Number of protein chains: 2
Amino acid sequence: MNKDFALTLKKAKLKVTPARQAILETFSSDCKPINAEYIHQKLKDKGFNLVTIYRTLTSLETSGLLKRVDLRKGSTYYELTDHHHHHVICTGCGKTESFEMCDVDKISKGVLRKSPLFETIGQHSLELFGTCKSCSKG
Amino acid sequence: MNKDFALTLKKAKLKVTPARQAILETFSSDCKPINAEYIHQKLKDKGFNLVTIYRTLTSLETSGLLKRVDLRKGSTYYELTDHHHHHVICTGCGKTESFEMCDVDKISKGVLRKSPLFETIGQHSLELFGTCKSCSKG
DNA sequence: TTTTTTGCAAAAGGTTTGCAACACG
DNA sequence: CGTGTTGCAAACCTTTTGCAAAAAA
């Protein structure tokens, strides 16, 4: 992602605030799905309230800058939408690995063509769950 | 799913109890993802405690009879694992439709072959998010 | 009888809301 | 200046836990 977070926010028609810039920067430097609490810890010296982080995550998601990732953990994880990829998650220890190969757009088109109810399909989630090498030894 | 829920439970090496049978029956009759609260409402005349429902969902999932479905709603939804399918979810009204076409096993094999960290991949989630025809009019 | 399951009450964890002060544009 | 954003405290909702009674095998 472009490092000019103020510009990114302007393009998304959001006001430029310190909290939003700091949160975008966190996503940009940590290339992995993260949750509100993690951001709060990482930015705690800057003093942003956890509530602000929740609200920011919501508005960044609504604007399309972030997307949710379902890791089957207790809380909601998000990632930048800037490059399309998916995850393999270890059901033992929670470790994740990402991959890019994805034929889901083809699947989506096929589903949409046959669907009696749906008009458009915009997003998808695809996560694989398995066991990592170190957990399969234990 | 076989209507002999006692047998299903025995095969899964779980004790046969009224709560487990009733919950399996609910899943069997409602062919859609449901959550703990929904089951509680549906079985409220039988008086099962909500805590029991949560614990039962956990044990049925652990035994492989149920799987989680991520609908991006506030609570955890489950479905029978008896036949493989996925969902399209309307981001406007939450309506879901299911589809069976799924090439994810191929994707999984490819990912596993290239993965430095993972030993096995057992499950996957794949959900499509879009807008249904009635929501796209409004 | 032994072990697992259930109910109840209470706690925990994540997330949302109301409201007043503040900051962006 | 007006509207959107933030912080604080409190509420909310879903899910989990401890313990004793009840039920399954």
Side-chain angles (χ1 to χ4, degrees), chain A residues 4-26 33-63 65-79 94, chain B residues 4-26 33-63 65-79 94:
Chain A
D4 188 345
F5 305 115
L7 180 62
T8 303
L9 288 166
K10 280 176 199 157
K11 282 184 183 167
K13 292 175 184 161
L14 290 173
K15 291 197 174 175
V16 179
T17 68
R20 289 175 178 170
Q21 291 177 91
I23 290 172
L24 279 182
E25 176 156 28
T26 305
I34 57 181
N35 66 4
E37 185 55 37
Y38 176 93
I39 296 169
H40 191 225
Q41 288 304 315
K42 195 135 187 192
L43 298 180
K44 66 167 168 291
D45 48 316
K46 290 181 185 136
F48 299 116
N49 191 284
L50 186 56
V51 172
T52 300
I53 295 171
Y54 277 107
R55 289 197 268 227
T56 303
L57 289 171
T58 302
S59 59
L60 295 177
E61 188 201 3
T62 304
S63 309
L65 263 29
L66 295 181
K67 68 176 175 200
R68 291 172 179 234
V69 185
D70 171 36
L71 300 182
R72 296 189 187 176
K73 297 183 182 175
S75 58
T76 305
Y77 285 69
Y78 294 85
E79 257 186 351
Chain B
D4 188 345
F5 305 116
L7 180 63
T8 303
L9 289 165
K10 280 176 199 155
K11 282 183 183 168
K13 293 177 182 158
L14 290 174
K15 293 198 173 178
V16 178
T17 68
R20 289 176 177 169
Q21 292 177 90
I23 290 172
L24 279 182
E25 176 156 30
T26 305
I34 58 181
N35 66 3
E37 186 55 38
Y38 177 93
I39 296 169
H40 190 224
Q41 288 304 316
K42 196 137 187 189
L43 299 180
K44 66 168 169 290
D45 49 315
K46 291 181 185 136
F48 299 115
N49 190 285
L50 185 56
V51 172
T52 300
I53 294 172
Y54 277 107
R55 289 197 268 227
T56 303
L57 289 171
T58 301
S59 58
L60 295 177
E61 188 201 2
T62 303
S63 309
L65 264 29
L66 295 181
K67 68 176 175 201
R68 291 172 180 236
V69 185
D70 171 36
L71 300 183
R72 297 189 188 176
K73 296 184 182 175
S75 58
T76 305
Y77 285 69
Y78 293 86
E79 257 187 351

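Every chain is numbered from 1, with letters handed out A, B, ... down the list of sequences. All figures in this text were calculated on a predicted structure; none of them were measured in a lab.
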- Query: Are OP1 or OP2 of dT15(C) and a side-chain N or O of Y54(A) less than 4.0 angstrom apart?
  - Reply: yes
- Can you tell me if NZ on K11(B) sees more than 12 non-hydrogen neighbours from other groups inside 6.0 Å? no
- Query: Do F48(B) and P18(B) come close enough that some side-chain heavy atom pair is under 4.5 Å?
  - Reply: yes
- Nearest-angstrom distance from the residue atom CG of N35(A) to P of dT16(C): 13 Å
- Could you state the NZ-C1' distance from K11(A) to dG25(C), rounded to the nearest angstrom? 19 Å
- Query: Does any residue of residues 43-51 of chain B have a heavy atom under 4.0 Å from DNA chain C, and if so, which ones, in number order?
  - Reply: G47(B), F48(B), N49(B), V51(B)
- Message: Please report the distance, rounded to the nearest Å, between CD1 in I53(B) and P in dT5(C).
- Response: 16 Å
- Query: Could you state the CG-P distance from L71(A) to dG14(C), rounded to the nearest angstrom?
  - Reply: 14 Å
- Note on the structure: chain B reaches DNA chain D, atoms under 4.0 Å from its heavy atoms, from dT14(D) to dA25(D)
- Task: Please lay out, stage by stage, how T8(A) and K10(A) fare under the test side chain to side chain contact (heavy atoms under 4.5 Å, CB included).
- Result: CA-CA 6 Å; T8(A) 303; K10(A) 280 176 199 157; over 6 Å; no
- Task: Without swapping roles, check the side chain of R68(B) against the backbone of T76(B) for a donor-acceptor pair under 3.5 Å.
- Result: no
- After noting the C-alpha distance and the side-chain angles of I39(A) and L57(A), does the key distance pass the side chain to side chain contact (heavy atoms under 4.5 Å, CB included) rule? CA-CA 10 Å; I39(A) 296 169; L57(A) 289 171; 3.9 Å; yes
- R55(A) CZ to dT16(C) P, straight-line distance once rounded to whole Å: 10 Å
- Message: Over all strands shown, is T76(B) touching base, sugar-phosphate only, or nothing at heavy-atom distances under 4.0 angstrom?
- Response: sugar-phosphate
- Residue mapping more 5' on DNA chain C - nearest nucleotide basis, R20(B) or V16(A): R20(B)
- State, with a plain yes or no, whether a side-chain heavy atom of L60(A) is found less than 4.5 Å away from one of L14(A). yes
- Quick one: which residue pairs count as a side-chain hydrogen bond (donor to acceptor under 3.5 Å, both in side chains) with a foot in residues 43-54 of chain A, not counting sequence neighbours? Q41(A)-K44(A)
- Which atom of A36(A) lies closest to which atom of L50(A), heavy atoms considered: O-CD1, 3.9 Å
- G94(B) and K73(B): which non-hydrogen atoms are nearest, and at how many Å? O-NZ, 3.5 Å
- Task: Rounded to the nearest angstrom, tell me the gap between atom CG in L57(A) and atom C1' in dT15(C).
- Result: 11 Å
- Sorted by position of nearest nucleotide on DNA chain D, 5' first, the leading residue of S75(B) and T17(B) is S75(B)
- Of all the nucleotides listed (dC24(C), dT5(C), dT16(C)), which has the minimum atom distance to the side chain of K15(A)? dC24(C)
